[in-house]
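Worksheet: one structure, shown below.
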Amino acid sequence: MERYDPKKIESKWQAFWEKEKAFEVREDESKKKFYGLIEFPYPSGAGLHVGHPRSYTAMDVICRKRRMEGQNVLFPIGFDAFGLPTENFAIKTGRPPAEVTAENIANFTRQLKSLGFSFDWSRAVDTTDPAYYKWTQWIFLQFFKHGLAYKKKQPINWCPKDKIGLANEEVVDGCCERCGGPVEKREKEQWMLSITKYADSLLEGLKDVDYIERAKVQQKNWIGRSEGALIGFRVQGSGFSIEVFTTRPDTIFGATYIVLAPEHDIISKLENQISNLSDVESYIADARRKTDMERSALGKEKTGVELNGVKAVNPANGEEISIWVADYVLGSYGTGAIMAVPAHDERDFAFARKFGLPIKEVVIQQIGTRLEDRHERRTVRGICVRDGKMLITQDKRTGTNEYILPGGGVEEGEGSENSLLREVREETGYTSAKIISSLGTIEHNFYHHYRKNNRISTVSGYVFELENDEVIPRTREEIEKGDFFWLPIQEAREKLKDSPTFSLEVEFIDRFLKGHNNLFSENGVAFNSDFLSGLSTNEAKEKIIAWLEEKGVGKRQVQYKLRDWVFSRQRYWGEPIPLVHCDVCRDKKYNYIIIHGFTSNSHIGFKPWLEKELCERGHKVWNPDLPNTNTPNIDEQAQFILDNAPFPFDEHTVLVGHSLGGPVLYKILEKIKKSVAKAVFVDPVIFPEFTDVPRPELNKSCDWNFDWKKIKAHVGEVIILADANFPVIKKEHLEELAKNIGGGLQIIYPNVRHFSTKNDAITAEPLVLEAALPSGWIPLPESELPLKLPKVEKYQPTDTGESPLAAMTDWVNTICPKCGGSAKRETDTMPNWAGSSWYFLRYADPENKKELASKKALEYWMPVDWYNGGMEHTVLHLLYSRFWNQFLFDIGVAPTREPYAKRTSHGLIMGPDGEKMSKSRGNVVNPDEMVEQYGADALRMYILFMGPFDQPVAWDTNGLVGVKRFLERIWKLQEKLVRQEVTNPRLLSIVHQIIKKVTEDVEAMRFNTAIAKLMELCNEMYKSDWLSADSYQLLLKLLSPFAPHIAEELWNQTGEEGSIAFAEWPTYDESLIKTDTVTIAVQINGKLRDTFEADVNLSEQDAKQIALSQPNVAKHLDGKAPKKVIYVKGKLVSIVL
RNA sequence: GGGCGAGUGGCGGAAUUGGUAGACGCACUGGCUUCAGGAGCCAGCGAUCGCAAGGUCAUAAGAGUUCGAGUCUCUUCUCGCCCACCA
């Protein structure tokens, strides 16, 4: 027998797999497919470190096992190669990033291949390859054409060190995620992707996928959906109204002031009225200078300035309230303004306390359930403490001698504070009680034992002090009623605790002990709130929203924490954004025709407004009334427009059709000869099918048969706007229209439902105007993709923050693809996230030159069945790639809405010192050295054996010795091989147990225990003098996913031809797992005293008898008769003495 | 502050989900073998009492449920991760 020499056999089998193309796959309908995915690496100059392969090895084991189970396995690999480190390296050395990247990829490839992963290398992708990023650019253009990419000037996070704009997501604690330096705010025009439009869809999709719970929770938190209301607060003496978002509209009666974020733009509009403008302005300037970090520093004192001279009006009660600016309100969330309810919000409370603002209690805690037939009362309770003791009264009338707090009913016309002082005097005789603080109000529902009725009592609690010990004599009645004591506080609490009747008193004592400060931020019962009083928080929310909507001062609103995605980078090493800016196109004047809908006309809704806005910008507009509007004839209406239009239908014309104007527009487009510049469809009808009521007039209005080919040919740009909240026109129809006509569908939130009005009002719809106006941003035609990165001299971003591409005037100056005039290219590039947001789709068909991947391949392989990656990517990468996939699904490119059916995460591998591996710490372990010393198989096994897969573990090279020894023992087992068929029943049973365990453990990613079992099996085989070839081969098969090289070699040496990678995965036989005898434990009073061997089918009676007769048991019984004997079948006998 | 997770030998970690705690591996100790070894083989290895048989105590701490708890419930402590003025 030769020695086990990993170096020799590993290179041998790697060459074999490569030559045989063993792991290359194609679509095969006859087999069940399995798509296993790992996060493709960023090919850094440092090469692979020992942490990278954890995920790859795990997924390789799973894929190899699935292959042996007969599945058609796609296990691809690629490189996410755009990124800052390479660019920074280029800046330092002047070497082109493409060249450096190619070298790094070659090195990574060599390293990955040396570990024996069963990747399909023929499908490797590289995000920096123009053949790949052509499709990244193509997807961006689809976003653009569907109105989901827009440019916006806004404050962005700017890292002065990296000279790069950062997405909110990349800022951690106010510092740059990459370099750790502080982040500043800068105003910059940025390309944005409207991920917020997919917020609900991204949330919804989580329900159908199998992700580890943590990933789901993190995604949910990141999206941060909250339901509440938008409420307008009129500003006194101005035409303005401040809109606030709140999740607690039920507390509106307690809103005692308004707070604006320093960024809020209404402040400048109110300038004339603000009497302390300079104070306000300097506060705002201060806030702006501060970083997010400073503004949100933990436990920071609240700061703020009142806007003197202006007041807002609380729409619920008409009260005048003050307006403040404070940086505890964020400009970027909600409306950038809040209604402050200090009694029920911690932050508002702190602010109100600091600035002495009124605190009004409008929600109270509820104790007990309300009962029918009840008596309502207002009562008070007081806590008086002195020297660690508190004052307690005892009610003798009930016969139960119950303890209570001093207090009682509030008389008509008496303040609750006064009534407490009166009650104290009557019950105890103390005359010098003085109230020092409030404990809030509680609604108490209970049965009154003495009065024998149900009570609903609104109880106010107070803390009072006795200024001296003066006492007056109590009345006879009072003395008979009860007595009073001083009890230690805890003792008093104990006395009250046990009776449910006194949960109110206990709550007040607890509030007192916790230093209750009159803040109650939980749900409860509305109080002092006019028509809301008495309603539960949820009922009150519903009622007030309905009320606000009816009054027209507010509405229901869903708000997200998720912000749109800043998609621009002012960098070189990224995908160029394939747009040009053309001033000529932007400034061009058009002729507009506006076509109204069913039962409408030209002078209501958004149409007159749109006409005015367009005319003001120098365009010409024809906004006619159509004939036969109430019983429409679409063909006639189209003809009417064709006959009467004051403009020719050509490249200078833009058509806008609303609702039933849509079909009119299709008919016009069918008939015209030349192509018009643009068509804007506003909630257009496509089929006369509606989700609410039938509209028979519309069925008859035309043949509903349109020649989409012609229509498409007669229009340049198409935009379809749909009201997200208008279900009557089906979204599927709109999607179909978008597909037929090749236009962008934008699902939006117009100001008015269906962009129309019930009455004759004129409404503004800025989104319609935006869609109708010419844009200066012109997409490159798809035939011009990829737009390749030009070669530049310098990779350093400019100090103004522009991309190095901006200096390439030859490249920047170009021709407008639309008008042929001179235009400028966009010089921003895409962020790193772009290429990795869709790579899993490209793997399905990586060579495709016509599409990002063929429909057929995508339909076969998608979704990814199992995606494993790092915990650090469960928020952003996962969210972004789900967003892209959902969008691609919506435009008919991706076959499934969700890209990943299952997502798991591995724990990081730390350096030997327990710290995160990094070059700067000098604790990086290089896999090359490990392979050299111990072999790839040992390295793979150790990576999986070192600890639970989902938890971080520190690297320990010593541990490798153990698995290396194990492999050597496997190798040496050959010596025990005998050729003839032999059976060893004990071993056979163990083998089958282990097949079961390993099969289950691999699926559950419990690799450490799977390997432990393989070691056990090996040890068992070692104990035996001889070993059958069958058993040995079973072991080899189980081993092969973990240590494929040695498994191939030994498989071969046992006389098998071909690769073990496609041998059949062993199945276990449940009947063989069961053994004839079992060890039964005997416990006495829960302590193990003895064990005995017995037949599995031992009867209960026999088991008990044998147990009792065991020598050691008898000794412990000591002649006593057991009280009870319990038998757990096949496991133990438990004897109770 | 909020959410999630975890605390078991000298170390990494097992424990059929309520049933013999410490599988498997590392390190360590003793013995055998070898020219040699970061090699192999055999044995031991939670603490404690005992020559031993055997006993007692042990899964962060404390209480509870149970014939029986590492596992379930409550309280407390410690650590890790993520989020954090999100109205």
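Residue numbers begin at 1 in each chain, while the letters A, B, ... track the order of the sequences. What you see is a predicted model, and the numbers here were worked out from it, not measured in a lab.
- Annotation: side-chain hydrogen bond (donor to acceptor under 3.5 Å, both in side chains) contacts of A:Thr196 (sequence neighbours excluded): A:Asp564.
- Atoms CD (A:Gln933) and C1' (B:G38) sit 9 Å apart, rounded to a whole Å.
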What pairs of nitrogen or oxygen atoms, one from the protein and one from nucleotides 24-31 of chain B, lie under 3.5 Å apart?
residue: B:G25; atom: OP1; partner: A:Asn1019; partner atom: ND2; Å: 3.3
residue: B:C26; atom: OP1; partner: A:Arg965; partner atom: NE; Å: 3.0
residue: B:C26; atom: OP1; partner: A:Arg965; partner atom: NH2; Å: 2.6
residue: B:A27; atom: OP2; partner: A:Arg965; partner atom: NH2; Å: 3.3

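- Among the nucleotides B:G13, B:A87, B:G19, the one closest to any side-chain atom of A:Leu330 is B:A87.
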With 3.5 Å as the limit, what N/O pairs link the protein to nucleotides 4-6 of chain B?
none

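- Residue A:Glu968 is classed as having no contact, given no heavy-atom separation below 4.0 Å to the nucleic acid.
- Counting any heavy atom pair closer than 4.0 Å across all strands shown, A:Thr246 reaches sugar-phosphate atoms only and no base atom.
- Across the protein-nucleic acid pair, A:Leu967 atom CG and B:A39 atom P stand 15 Å apart, rounded to whole Å.
- Under the side chain to side chain donor-acceptor pair (under 3.5 Å) criterion, the residue pairs touching residues 330-345 of chain A are A:Ser226-A:Tyr333, A:Ser332-A:Arg563, A:Asp345-A:Arg347, with sequence neighbours excluded.
- Evaluation of the salt bridge (Lys or Arg N to Asp or Glu O under 4.0 Å) test over residues 905-915 of chain A, restricted to residues two or more places apart or in two chains, returns A:Glu915-A:Arg921.
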Check: protein-nucleotides 52-57 of chain B nitrogen or oxygen pairs below 3.5 Å:
residue: B:G55; atom: OP1; partner: A:His1116; partner atom: NE2; Å: 3.4
residue: B:U56; atom: OP1; partner: A:Arg1089; partner atom: NH2; Å: 3.3
residue: B:U56; atom: OP2; partner: A:Arg1089; partner atom: NH1; Å: 3.2

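- When heavy atoms are screened at a 4.0 angstrom cut-off, A:Thr874 is found touching no nucleic acid atom at all.
- A search for side chain to side chain contact (heavy atoms under 4.5 Å, CB included) contacts involving A:Ala326 returns A:Val259, A:Tyr283, A:Tyr328, A:Phe351, not counting sequence neighbours.
- Residue contacts shown for A:Lys1124 are limited to sugar-phosphate atoms, with no base heavy atom under 4.0 Å away.
- Counting only residues at least two apart or in different chains, salt bridge (Lys or Arg N to Asp or Glu O under 4.0 Å) contacts with residues 939-964 of chain A comprise A:Asp60-A:Arg940, A:Lys964-A:Glu968.
- Using a 4.0 Å heavy-atom distance criterion, A:Val329 is classed as a base contact.
- Taking A:Pro952 as the reference, A:Met910 meet the side chain to side chain contact (heavy atoms under 4.5 Å, CB included) condition, with sequence neighbours excluded.
- Within the structure, salt bridge (Lys or Arg N to Asp or Glu O under 4.0 Å) contacts touching residues 322-333 of chain A (residues at least two apart or in different chains) are A:Lys290-A:Asp327, A:Lys300-A:Asp327.
- A:Thr1009 comes within 4.0 angstrom of sugar-phosphate atoms only, judged by non-hydrogen atoms across all strands, and of no base.
- A:Tyr4 meets the side-chain hydrogen bond (donor to acceptor under 3.5 Å, both in side chains) test with no other residue; sequence neighbours excluded.
- The partner of B:A6, taking Watson-Crick or G-U wobble pairs whose two distances both stay under 3.5 Å, is B:U78.
- Applying the side chain to side chain donor-acceptor pair (under 3.5 Å) rule to pairs touching residues 248-262 of chain A yields A:Arg248-A:Asp250, sequence neighbours excluded.
- Atom pair A:Arg1006:CZ and B:G13:P shows a separation of 17 Å (rounding to whole Å applied).
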